[in-house]
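Below is one structure, written out as structure tokens; the observations come after it.
Sequence lines set the chain letters: A, B, ... in the order given, protein chains first and strands last, and positions in each chain run from 1.
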Amino acid sequence: KQEVTQIPAALSVPEGENLVLNCSFTDSAIYNLQWFRQDPGKGLTSLLLIQSSQREQTSGRLNASLDKSSGRSTLYIAASQPGDSATYLCAVEEDDKLIFGTGTRLQVFP
Amino acid sequence: KAGVTQTPRYLIKTRGQQVTLSCSPISGHRSVSWYQQTPGQGLQFLFEYFSETQRNKGNFPGRFSGRQFSNSRSEMNVSTLELGDSALYLCASSRALGARTEAFFGQGTRLTVV
């Protein structure tokens, strides 16, 4: 059974810092991995999708990497801003459904 | 291009009642999946509909059901509500069956059972 873990559970940093959020999964036989952002009480916003054949994806200040063999993905956020404050979730595909991690709650203060 | 639309945004129901939630996917997307989010269990998969057929189901009791219409809109129904059903219910749409293409989520329906 796939288990997805995200470390750290919470993170508070000053504006301008570069951040790394971690996601690990127990079964490396995944089809893809997706990173989402969730603002309090809101739905999920898709940030990046990495197919299993890819090593990384980039969108603006975000860069996500995938190492299937070690069961790890990282989300790198460059030059963080207060507007980046949210919960970040990773999810892997298993049996045609998404298995989500527990999330990292990020706070960026001015 | 309109995103995923869920209605209503908030609901308060009494134990024992039933509730119906609605989800309109992105135009052209044929798959609609439903997830339940609670503080204790996180995000859990309920079911997926594709071309009006349920294709996959999570580990939830039979009180949770759904359907999909010919225009890909989907409804989720929960009967005999329990306090533990209080949660944020999220639907996701994607182009293809399963979770092998990018999933786009709606804003969710916050259900409170009292």
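Of the two parts of A:Glu94, neither the backbone nor the side chain holds a non-hydrogen atom closer than 4.5 Å to a non-hydrogen atom of chain B. In this structure, the portion of B:Thr101 lying under 4.5 Å from any heavy atom of chain A is its backbone and not its side chain. Only the side chain of B:Glu48 comes within less than 4.5 Å of a heavy atom of chain A; its backbone N, CA, C and O stay farther away. Only the side chain of B:Gln37 comes within contact range of chain A, judged by heavy atoms closer than 4.5 Å. Contact annotation for A:Asp39: neither backbone nor side-chain heavy atoms come within less than 4.5 Å of a heavy atom of chain B. With a 4.5 angstrom heavy-atom cutoff, A:Leu89 touches chain B only via side-chain atoms. Both the backbone and the side chain of B:Ala103 come within contact range of chain A, judged by heavy atoms closer than 4.5 Å. With a 4.5 angstrom heavy-atom cutoff, B:Arg55 does not touch chain A via any of its atoms.
Contact annotation: the side chain of A:Val92 never approaches that of A:Leu98 to less than 4.5 Å [non-hydrogen atoms, C-beta and beyond]. For the pair B:Val32 and B:Pro25, the minimum side-chain heavy-atom distance is below 4.5 Å.
Checking side-chain atoms of A:Ser59 against main-chain N and O of A:Leu62 turns up no donor-acceptor pair under 3.5 Å. Between the side chain of B:Gln36 and the backbone N or O of B:Leu43 there is no donor-acceptor pair closer than 3.5 Å. The closest donor-acceptor contact from the side chain of B:Gln17 to the backbone of B:Leu81 lies at 3.5 Å or more, if one exists at all.
Checked for salt-bridge contact, B:Arg63 and B:Glu82 meet the test: a charged N lies under 4.0 Å from a carboxylate O.
Among A:Leu49, A:Leu44, A:Thr45, A:Asn32, the residue with the largest count of heavy-atom pairs under 4.5 Å with chain B is A:Leu44.
Taking the centre of each ring, B:Tyr49 and B:Phe47 come in below the 6.0 Å mark.
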